[in-house]
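What follows is a set of notes on a single structure, which appears directly below.
Note that the structure is predicted; figures quoted are calculated from it, not measured. Just so it is clear: chains get the letters A, B, ... in the order the sequence lines come, proteins before strands, and each one is counted from 1.
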Protein chains: 2
Amino acid sequence: MGFVSRHAQISRAAVLGAGLAIADEKGLSAVTMQAVAGRLAVTPMALYRHVTNKTDLLDGLVELLLTEFPLPAADLPWQERLTRLADSIRASANGHPGVFPLLLQRPANTAAALRVRDAVHLALTDAGLDSEHVPRAERLLSTAVLGFAASEAAGRFAHHERAVLDADFTCLLQSLRLLVEAGADR
Amino acid sequence: MGFVSRHAQISRAAVLGAGLAIADEKGLSAVTMQAVAGRLAVTPMALYRHVTNKTDLLDGLVELLLTEFPLPAADLPWQERLTRLADSIRASANGHPGVFPLLLQRPANTAAALRVRDAVHLALTDAGLDSEHVPRAERLLSTAVLGFAASEAAGRFAHHERAVLDADFTCLLQSLRLLVEAGADR
DNA sequence: ACCTGAACACCGTTCAAGT
DNA sequence: ACCTGAACACCGTTCAAGT
């Protein structure tokens with residue numbers, strides 16, 4: 001780990017891995033083509049073989065965040081599934097505070113986003129929501145969780161204690177569960 | 001409008017105004033010190049007399065967005081006040097999609113943010129919420145509205161029709177109202 | 001096919017100098 | 001007090017060239 005082979009072996013995964021490591025260590029602004037290349041012991045121009053440009057690189061980092069956690073087992077109760085998913089997303093945000101805020105600025109229909117979305121759709125269906133109401137519920141629920149996680153990661157609540165934010169998040173999840181149950185009864 | 005006086009008259013307000021105009025016209029990435037200076041018919045270095053650096057300039061733009069709309073009259077019913085506030089914030093997001101997403105990445109305790117926060121606090125108090133529950137409710141409520149508005153502004157839902165997003169927002173506000181009322185009954 | 005070297009048009013920011 | 005000119009250390013990206 002951190003060791004770089006002599007005759008640089010490069011790949012898209014290696015480029016994204018280096019980019020994520022730099023973002024985690026020094027923040028998003030430190031993720032430059034030159035810094036990523038340097039960490040791979042390669043010239044900046046070498047990156048363009050594996051990434052079409054810097055935006056593509058950042059898109060790749062966001063996709064990485066959305067795929068690093070496992071989806072909850074489908075045989076768990078739906079409440080449990082949604083809670084674990086939300087916890088995973090928050091953990092991902094706090095683990096990668098430099099990159100996570102980008103999530104709110106990209107289309108919600110990328111491959112990695114669909115993976116999560118489908119899991120939420122399934123949980124909401126199992127909760128008893130009409131299929132016509134599921135997509136909207138998923139959008140609002142995901143946006144609430146993402147908005148909180150991104151705010152926390154970006155330091156919007158940096159002036160609050162960690163315990164306060166933990167309680168905030170618990171309260172958020174409980175409220176969302178209540179709303180889903182209310183929607184299912186209708 | 002757009003006319004620039006001969007012997008450049010510069011001020012912080014002028015700098016922020018030029019920055020916001022550029023962001024609205026060409027996106028956040030077009031907001032460079034050189035572009036802002038150019039619009040004011042001035043050298044880039046002249047800006048540093050009115051803004052400590054680029055971060056300070058961007059902070060100023062965010063503050064601008066949060067102060068451009070009026071707070072709802074205090075004699076309106078609390079539901080009406082929260083709805084109008086949310087509508088104003090969403091309008092600000094859609095009017096300044098380049099800058100708005102930055103809002104989620106800055107501390108929530110700036111002067112302009114406090115102005116809005118206090119209005120929400122008052123509305124929640126008038127709704128009958130215990131004073132000890134008001135701050136958390138404000139945080140979650142604001143984060144939900146900001147998260148939705150930022151997502152929409154950044155194009156996260158760009159693949160959905162406008163009417164769908166309007167209905168999403170209506171649904172979000174109704175859900176939040178229900179939660180506040182449930183919290184007040186407890 | 002993959003990487004390099006040299007180059008280009010930009011960035012934000014400094015410093016000393018003008019008025 | 002406020003603005004300018006020149007300069008610096010960086011950016012992302014191109015193109016032709018090497019292997």
Side-chain angles (χ1 to χ4, degrees), chain A residues 2-64 98-99 101-102 105-106 154, chain B residues 2-64 98-99 101-102 105-106 154:
Chain A
F3 177 79
V4 177
S5 81
R6 195 138 221 23
H7 47 74
Q9 190 74 340
I10 293 289
S11 66
R12 179 167 234 263
V15 171
L16 297 183
L20 185 57
I22 293 169
D24 292 346
E25 290 169 13
K26 310 189 193 176
L28 191 66
S29 67
V31 181
T32 66
M33 299 304 269
Q34 5 268 322
V36 173
R39 178 177 273 257
L40 296 170
V42 128
T43 291
M45 298 70 81
L47 303 180
Y48 287 86
R49 187 88 21 193
H50 306 97
V51 126
T52 70
N53 52 32
K54 194 179 173 182
T55 299
D56 182 39
L57 194 162
L58 295 180
D59 285 347
L61 296 191
V62 172
E63 292 294 277
L64 232 47
V99 175
L102 291 182
Q105 323 209 175
R106 320 256 143 184
Chain B
F3 176 78
V4 177
S5 81
R6 196 139 221 23
H7 47 74
Q9 190 75 338
I10 293 291
S11 65
R12 180 166 234 262
V15 171
L16 297 182
L20 185 57
I22 293 171
D24 292 345
E25 290 168 14
K26 311 188 192 174
L28 191 65
S29 67
V31 181
T32 65
M33 299 303 270
Q34 5 268 323
V36 173
R39 178 177 272 257
L40 297 170
V42 129
T43 290
M45 299 71 81
L47 304 180
Y48 287 87
R49 187 89 20 193
H50 306 97
V51 127
T52 70
N53 52 32
K54 195 180 173 183
T55 298
D56 182 39
L57 193 163
L58 295 180
D59 285 347
L61 296 190
V62 172
E63 293 293 278
L64 232 47
V99 175
L102 291 183
Q105 324 208 174
R106 319 257 144 184

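Distances were taken from every side-chain heavy atom of A:Asn53 (C-beta onward) to each of C:dT4, D:dT13, C:dT13; the shortest belongs to D:dT13.
For B:Leu57 and C:dC11, the CG to C1' distance is 14 Å, given to the nearest whole Å. Spacing between atom CD of A:Gln9 and atom C1' of C:dC3 amounts to 12 Å, rounded to whole angstrom units. Distance A:Leu47 CG to D:dC11 P: 13 Å, rounded to the nearest Å. At whole-Å resolution of the value, CE in B:Met33 and C1' in C:dC11 are 11 Å apart.
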Return a single string for nucleotides 14-19 of chain D, one symbol per nucleotide in 5' to 3' order, where B is base contact, S is sugar-phosphate-only contact and - is none, cutoff 4.0 angstrom on heavy atoms. B-----
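Residues B:Ile10 and B:Leu40 are in side-chain contact: their nearest non-hydrogen atoms beyond the backbone lie under 4.5 Å apart. Within the 4.5 Å cutoff, the side chain of A:Leu16 has no heavy atoms near those of the A:Leu20 side chain.
Of the side-chain N and O atoms in B:His50, one or more sit less than 4.0 angstrom from OP1 or OP2 of D:dC3. Put simply, A:Gln34 has a side-chain N or O that comes within less than 4.0 Å of OP1 or OP2 on D:dG12.
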Taking distance alone, no hydrogens or angles, what donor-acceptor pairs closer than 3.5 Å link side-chain atoms of residues 41-51 of chain A to residues at least two apart or in another chain?
none

Considering only distance and modelled atom types, tabulate donor-acceptor pairs under 3.5 Å from the side chains of residues 26-35 of chain B, sequence neighbours left out.
unit_1  : atom_1 : unit_2  : atom_2 : d
B:Thr32 : OG1    : B:Ala35 : N      : 3.0

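Take the nearest nucleotide of DNA chain D for A:Val31 and for B:Pro44: the residue whose nucleotide is more 5' is B:Pro44.
Minimum heavy-atom separation, B:Ala23 to B:Val99: CB-CG2, 3.6 Å.
With the 3.5 Å cutoff on both pairing distances, Watson-Crick and G-U pairs in DNA chain C assemble into runs of at least 3 at C:4-8 with D:12-16, C:12-16 with D:4-8.
Under the side-chain hydrogen bond (donor to acceptor under 3.5 Å, both in side chains) criterion, B:Asp56 pairs with B:Arg12, sequence neighbours left out. Legend: residues meeting side chain to side chain contact (heavy atoms under 4.5 Å, CB included) with A:Ala21, ordered by chain and number and at least two apart, are A:Glu25, A:Arg39.
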Using the rule given for side-chain contact (heavy atoms from CB on, under 4.5 Å), can you reason through A:Leu58 versus A:Arg106, listing the C-alpha separation, both sets of side-chain angles and the distance that settles it, and then say yes or no? CA-CA 10 Å; A:Leu58 295 180; A:Arg106 320 256 143 184; 4.2 Å; yes
